[in-house]
Amino acid sequence: MSEVVLNVSGLQAWYGESHVLHGVDFAVRKGEVVTLLGRNGAGRTSTLRSIMGLVGRRTGSIVVNDVETIGMATHKIAHLGIGYCPEERAIFSSLSVEENLVLPPKVGEGGMSIDEIYEMFPNLRERRNTAQGTKLSGGEQQMLAMARILRTGAHLLLLDEITEGLAPVIVQAIGRVIVKLKERGFTIVLVEQNFRFAAPLADRHYVMEHGRIAESFAAAELPSKTAMLHEYLGV
Amino acid sequence: MDQIFGIPINAFMGQLLIGLINGSFYALLSLGLAVIFGLLNIINFTHGAQYMMGAFGAYFLLNKLGLNYWWALFVVPILVGATGVVIERFMLSKLYKLDHLYGLLLTFGLALIIEGIFRNEFGSAGLPYSMPSQLEGGHNLGFMFLPNYRGWVIGASLVVCIGTWLLIEKTKLGAYLRAATENPKMVEAFGVNVPRMITLTYGFGVALAALAGVFAAPIYQVSPQMGSSLIIVVFAVVVIGGMGSILGAVITGFGLGIIEGLTKVFYPEASNTVIFVIMAIVLMIRPQGLFGQR
Ligand SMILES: Nc1ncnc2c1ncn2[C@@H]1O[C@H](COP(=O)(O)OP(=O)(O)OP(=O)(O)O)[C@@H](O)[C@H]1O
Ligand SMILES: [Mg+2]
């Protein structure tokens, strides 16, 4: 069994007065692709934001590469080797495409080179001189949001709804990228609504409801879990 | 040939020069305000007092420590900028979670306190600061006489403004600053120490105000209220240019200085109000300012 790179236990989180996570427990091992599934509002985005220290307040324990981060400042957490791709993509309009791509500083060793990244995302090479990152199409912005965290040497990627609102061909392209990243040894937490996209990619699945992990199962158990998934996800 | 639009060319050029000088100060000060507003979302009402501290800083260095003008150009922005760092670290940073109004009130209160302290110590009369000997005298350009010091101030301000613009638009550091202006949390999630960047940005904006104060010392009297009278006009410049736009601050600063100077030639009665009239018109037609986005 390989080492655990992310271990979340008893995580509670608040936005101001509103209590959104009520004790989340899950763990991710090195090289795994793990999903967080759940309905809208289940708390998946909040879980990723809590790992990055972006919620108002959090308690419990989040251990990244053996370091307890629950009391750490956001910018220090990133340097433990985490790359975060937020749900809203957060491409900067005052930066060109290339400036967006090279913005995140190094947080670890062995990041991908710009050439490797452009090989993985050919569209971005074509559009790299676009003056405003936000002039890209939705799919291109999604690719840019993922590409920019591959350069930094982050080995743990937190990807939030990377297929949301994208055309099927682009979803397929992103699926191929995830496969390549897994081959390269990245550890990935995939927050997904699109279960059919996530199912063939992931090693294990967690289902969230009401700010907690409600179920967890390995990819191989999937056939016996469909009825339960239908119930939780309403798909 | 010695008239332009029916005005003697000497008078015209003279006012144009005064306009450019004033414009240099407007540009430097509104640039600092724009840099601060961009990242901190705070209108720094202490800016005028910090400009005044810059002028006093030059005065103290010369009269207490014997350090001349050229020293002051470097030392004073660093010292006054350091007071800005302290203000951000221990006061402003506590307010970011609250409404922006609190930052405005704090900086306004600080301005009153700082000016009050200086008035208590030095009275309201101005203190003289003599021109650096290297920049005494002037050049006859044929159509006008250009005092060297004024030429220096215009040139040096332009260089500082363009340098700041290049720093923000063309460097990696500037990319962090632009990105953090848009979405500070995301930049922090990439591993950039944004709180420290905010502190240093405030210090930098304050240092620009102090530098303007050093430039001003040999031209105007060094006095506790020198900032408060100037800063009102500078706020109008910022409103016209658009809050937070770096290039807008620089262009509007110089542009309005020139317009104000030329109004003195063509319609002197309006020269004190022309900037505010323009502000009112801009607010009606383009509330976000000439260079502002939205
Ligand atoms: N900034 C916020 N302030 C207050 N409450 C929030 C905030 N963001 C999210 N919430 C609340 O927290 C709960 C969990 O939201 P979260 O965004 O984590 O869900 P999610 O599982 O990512 O769902 P989805 O992204 O599909 O909407 C929801 O009830 C939501 O209303
Ligand atoms: Mg979400």
Side-chain angles (χ1 to χ4, degrees), chain A residues 15-16 45 48-57 64 69 72-108 111 131-134 144-145 148-154 156-158 160, chain B residues 34-41 88-89 93-99 164-201 241-249 288-289 291-294:
Chain A
Y15 290 108
T45 295
L48 297 192
R49 291 177 59 84
S50 299
I51 295 169
M52 297 313 299
L54 294 172
V55 290
R57 189 160 81 80
V64 180
T69 65
M72 259 192 199
T74 296
H75 62 91
K76 295 211 176 107
I77 296 172
H79 282 278
L80 296 173
I82 307 183
Y84 173 49
C85 179
E87 193 169 17
E88 68 283 3
R89 295 167 190 157
I91 298 304
F92 299 99
S93 68
S94 55
L95 272 60
S96 73
V97 168
E98 192 147 78
E99 281 178 318
N100 267 285
L101 182 61
V102 300
L103 183 79
K106 280 225 168 320
V107 297
Q132 283 187 325
T134 45
L144 180 54
R148 67 183 171 187
I149 55 175
L150 302 179
R151 248 191 69 257
T152 61
L156 172 59
L157 307 181
L158 310 179
D160 197 345
Chain B
V35 170
I36 291 171
F37 181 81
L39 194 55
L40 282 78
N41 256 304
E88 199 285 334
R89 208 75 225 93
S93 61
K94 311 283 185 253
L95 302 178
Y96 298 138
K97 291 208 171 87
L98 306 173
D99 194 282
T164 304
W165 181 77
L166 287 175
L167 177 73
I168 293 174
E169 293 298 325
K170 302 291 171 204
T171 68
K172 187 70 196 260
L173 190 68
Y176 284 144
L177 194 80
R178 277 176 284 144
T181 297
E182 271 186 60
N183 189 344
K185 284 294 165 198
M186 196 58 218
V187 175
E188 201 171 342
F190 286 147
V192 178
N193 189 341
V194 173
R196 186 177 63 194
M197 199 161 101
I198 291 176
T199 306
L200 294 178
T201 299
M243 291 303 305
S245 161
I246 303 298
L247 197 58
Q288 71 272 42
F291 296 85
Q293 281 150 8
R294 192 184 353 251

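The basis for the numbers below is simple: all heavy atoms, side chains too, and nothing from hydrogens, waters or symmetry mates. We name chains A, B, ... by the order of the sequence lines, and we start the count at 1 in each one.
Neither the backbone nor the side chain of A/Leu158 comes within contact range of chain B; no heavy atoms are under 4.5 Å apart. In this structure, chain B has no heavy atom under 4.5 Å from any part of A/Ile77. Only the side chain of A/Ile149 comes within contact range of chain B, with at least one heavy atom under 4.5 Å from a heavy atom of that chain. There is no contact between A/Ser96 and chain B, counting heavy-atom distances below 4.5 Å. Heavy-atom distances place no part of B/Lys97 under 4.5 Å from chain A, backbone and side chain included.
Annotation for B/Ala189 and A/Ala78: closest pair O-CB, 3.2 Å, computed over non-hydrogen atoms. Closest of all the heavy-atom pairs between A/His79 and B/Gly191 is NE2-O, 2.7 Å. Nearest heavy atom pair, residue A/Tyr84 against residue B/Met186, reads O-CE, 3.5 Å.
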### Message
If you apply the rule side chain to side chain contact (heavy atoms under 4.5 Å, CB included), what do you find for B/Phe190 with A/Thr152, and how did you get there?
### Response
CA-CA 9 Å; B/Phe190 286 147; A/Thr152 61; over 6 Å; no
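Per-residue heavy-atom pair counts under 4.5 Å with chain B were compared for A/Pro86, A/Ser93, A/Ala154, A/Gly133, and the maximum is reached by A/Ser93. The choice from A/Leu103, A/Val102, A/Leu54 that makes the most heavy-atom pairs within less than 4.5 Å of chain B is A/Leu103.
Between the CG atom of A/Leu95 and the CZ atom of B/Arg178 there is a distance of 4.5 Å, given to the nearest 0.5 Å. Residue B/Glu169 holds its CD atom at 8.0 Å from CD of A/Glu99, rounded to the nearest 0.5 Å.
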